[in-house]
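Numbers restart at 1 for each chain; the letters A, B, ... are given by sequence-line order, proteins then strands.
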Amino acid sequence: MAKSYRPQDEEPRIRQRWLQSGCFASQPGSSRSPYCILIPPPNVTAALHLGHALNNSIQDALARHARMKGMDVLWMPGTDHAGIATQTVVEKRLALKGKRRTDFTREAFVAQVQAWKDEYEATILSQLQEMGASCDFGRTRFTMDPVCAAAVRAAFHRLFDEGLIERGRRLVNWDPATRTALADDEVEMKDVDGRMWYLRYPLEDGSGHVTVATTRPETMLGDTAVAVNPRDPLAASVRGKRVRLPIVGRVIPIVEDDYVVMPVSRGGDPADAKAQVASGFLKVTPAHDPNDWEIGIRHGLAVVNVMGPDGAISDRHGWTDVSPEAKALVGLSRDEARKAVVDRFRRDGLLEDEKPWKQTVGHSYRSGARIEPWLSEQWFVKVTDDRLRGAALRAMEPAQFDGEAPAGQAPGDGGLRFYPARYARTFQQWHENLRDWCISRQLWWGHRIPVWSRPAAGEGAAVGAAAPAGGAMVPVASAWANRGASHRVRRRDDGTLEELLCLPEGGDALVAEIEAAGFVQDADVLDTWFSSALWPMSTLGWPDPKAFGMQGLLERYNPSAVLSTAREIITLWVSRMTMFNRHFLGGRVPFRHVFIHPVIQDGFGQRMSKSLGNGLDPRDIIHSHGADALRYTLLDMTTDTQDLRVPVEMVDPHSGESFTPEFTRAPSGHQVAAPLQRSPRDPAKSMVSSYGAASGLATPSEREPLARNTSSRFDLGRNLATKVWNAARFVLANAPAPAASVRRADLDRLDRWILSRVARAVRLADAALSEYRFSDYAAACYDLLWRDFCDWYLEAAKPSAKQDPRRQAVMLAVLDAVTRLLHPAMPFVTEALWPAVQARRAGGTVEGLALAGSELLAVAAWPQCADELQDAAAEADFQRLQGLVNAIRNIRGERQVPPKRRVILHASSGARALVSGWNGLVEALAGLESVQEARSTRGSGSAAFPFEGEECWIDGLVDQADAGAERSRLEKVIADRRRAVQGYQGKLGNAGYVAKAPPKVVEETRAMLAAAEADLAAAERALAELGRA
RNA sequence: GGGCGCUUAGCUCAGUUGGCAGAGCAUCGCCAUUACACGGCGAGGGUCGCAGGUUCGAGUCCUGCAGCGCUCACCA
């Protein structure tokens, strides 16, 4: 065996063994209890980043732990088609070649996206395997697989049929760059330096003007009213009046509405930032502002849409009264139009004022374009319906609900629990502010909406004649309805009747027929989250598991055990999965627990972002530190409250050395590694940083290669992997023969101590994992392996290891237990060691520590510890030994005694009994030549120390006595003990403390005072002795 | 603006129901000791963000303030 663990040598081999053995495959037919985790399917947009590595390390630790606990584990892997994101990256690539989506047919374009998807899906799956993820790869899903498509069709049809899906002309978040609607959660709010303009609108009767304040003057083309607060002192003077809109010439009313904020000068709230800038008159543009839309509804205002889907001014989307002057603005972009409108107002003396104004404006989370609230016809899921929103809220565990919990007695009610608990509140509040969910996207990549429509005819027209305004869908009884289609008619805003057919899953036989009847399929696709929301069901075969050979999976693995995901996902995805799973599966929750993991940040506390290039590729860490180091370190950092800060370093491709790069500030304000970096070894050579490559500011070449990144943060895990590797080397070298079986009665105190520590570590690990405390799990492994096993047990075992078969058996058993305990975090190194450890153990047993044999560690049993293994007496004794050894080592260290030099301990009866009771262990661990009775006279050059209140000293530290050093050392001890004594005395001198503190605590304080006093006296005696010498 | 979190050693973070402040890394000293220098043994380093309060006792509980971060909302 090599002196240190070399991940690159072992990982590919181990990965092969796992995959060949099929040990990660779920066993739905087995009698073991099921444990299921559904991977949050990563986007096929790009390769996995460090955040994925964290989430997958978490899920794999849980999956491997459950598997070793004897459960039937299904960790379902898969990827997500990410409609807008994937389409955008492909379109961007086409744009480099000067092409656009519309240069292709829909089919040809989708084929190109498909090719991209295939490439990245393969990358993602191979990354998962590189990390050691124990997914059931045979069941890998993609959200556009036939099985997922069937679920989408079935779900859509049922929601449509139940009236939970509707179509309507509403203001949506419109991305003019990609020309699609977006859901609220796809909009990113960004701070922008804008301006506030004050525009004068002349009153129609010539009696003056009103001044409106706006940040978006271009929308005035679509104004259909001016609003004023009825409590505004000026309201009466304009009551019933109208204004003539400049440029357009449209005459519009002045309406009164409470929504309008009054300026501070007229009674507005000075604390309200809006009141600071408000003029008291609000231009109302129902087609271009959500609040104005509401005002429009309240006052029955006209809706004038002055923009096209590209965000440019247009007279073809609902603007009919275009004046000759306004005509000149048609075709201008939003920004050009803004400038033009302001120029006109300025020219005409109607621009009263303008000032800088900071505002936050929505941007598309994909294209980055400014979002336009735009009027268009879209599909919505009525998530605010109690059947959906109410079901999600009732799923919450009552104890985590803030306020009166709505959970009822229905199946699944109260069945959802959040870890950490505080995220339950986020979930709850999100639902309380929920709006209907816009699910149509004007894209080509995604699940096509399964609805066909035509202008109403026949039965549709007859039924529709009675359809109300407002777009409500009215069922139509028809032959198509009898054959499974959901047939509806509705009255559109323009009064025309639209007839709709939603075909069920498997209902495509009707397509030719209805298309012949004039029905046309909706061109849009569904929001990706619609299929993601069905992930816990679709991956298990819903709605028809038999059709896909998945009988029984849905019943067995849904609800899954836990969903592990990121914070921002609580709102959209967890909610939607909960609503859909409950709605379609009789109230069942999709998972019992939701674990929210931390966010990974770079060394400056900035979120890692691929587009920014400040992130770490997990493959780089695997390259520099190994997969185990990556996984262990991430788990170790995963606490309840802190995000993970991982400073990024670079690896010099010329020398292989790691170094801290030069940082610079990106235009976005982020701290990033400068595009070009000089080699720290040879300043003549340079390299390109990942920011350089991502931003296009530098291009990697043979002379200036792209540098990999790394982080010394992962040294922790790498060192631990080497530690377990070397512990195994030592044990295997010292236990050459197959291990015997040992009974508990055969064990000495040292063995009983380490076995007690093993039992404790297993207990801690189980408790930690069951509550998603990954850092505590990692620490329990670390402490057992490094501190207890290596530092103390193996050191203490050295003198006896080679001769004592019983010691060898225990050593091997503990090593075996350690590899099992560590396996969920570090699967590769532990699996690599496993065959040798098992061969040497050869079925030998240690009574009380059950470690069933197995060919692969991945499916070996988790250690089972009998209660007797916990040995408080052995632990207490060992702690005394550690106390004495530490005291001696401390003196040796301070006096710089070389390790090889043996010293003589002079001890009183208590310490001598301790030493002799441990059969030479203290001598070995503390480097003692002999132990002698403490007599009243001490040799010069000796060093004294108090131990359990008795004076002990050490002789033979150095050849030359150094009284000065000894004096100052003792004075330090005395000062320390004196401080302790004063502290305890102070407490006990406090009448309130003695009277009110629990008697047990007071008693402990008394004991500690006595011990400190005895130590102090011993040290003072030693100092006095030194003075005499 | 609403909600949530954070502020403890140079750095990254723990700190259970209030009861003498911890770990890893970094620093310093000793050590080529036959598992491991990705190592061993020691050491130094903290008025626990600030100000009040509750309590016999506060890093821990309460109030206020400051700074940082996340998230939701806000385009007058």
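Phosphate contact (OP1/OP2 of B:rA14, side-chain N/O of A:Thr639, threshold under 4.0 Å): present. The phosphate of B:rA35 (OP1 or OP2) has no side-chain N or O of A:Asn734 nearer than 4.0 angstrom. Phosphate proximity of B:rC4 to A:Arg425: present, with a side-chain N or O under 4.0 Å from OP1 or OP2. OP1 or OP2 of B:rG40 lies within a sub-4.0 Å distance of a side-chain N or O belonging to A:Lys723.
No cation-pi contact links A:Lys723 to A:Phe789, judged by a cut-off of 6.0 Å to the six-membered ring centre and 45° from its axis.
Screening residues 275-287 of chain A for side chain to side chain donor-acceptor pair (under 3.5 Å), with sequence neighbours left out, gives A:Thr219-A:Lys283, A:Asp223-A:Lys283, A:Asp223-A:Thr285, A:Lys283-A:Thr285.
For the atom pair A:Leu199 CG and A:Thr214 OG1, the distance stands at 6.5 Å (nearest 0.5 Å).
If you run ring-ring contact (aromatic ring centres under 6.0 Å, His included) between A:Tyr772 and each of A:Phe418, A:Tyr423, A:Tyr777, A:Tyr419, only A:Tyr419 comes through.
Closest to the A:Cys790 side chain, of the nucleotides B:rA35, B:rA14, B:rC70, is B:rA35. Taking every side-chain heavy atom of A:Gln642 into account, B:rC13 is the closest of B:rC75, B:rC13, B:rG24.
Remark: the A:Gln429 side chain and the B:rA73 base include no donor-acceptor N/O pair separated by less than 3.5 Å.
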What's touching nucleotides 53-62 of chain B from the protein side, N or O pairs under 3.5 Å?
from, atom 1, to, atom 2, distance (Å)
B:rC56, OP1, A:Lys996, NZ, 2.1
B:rC56, O2', A:Asn990, ND2, 2.6

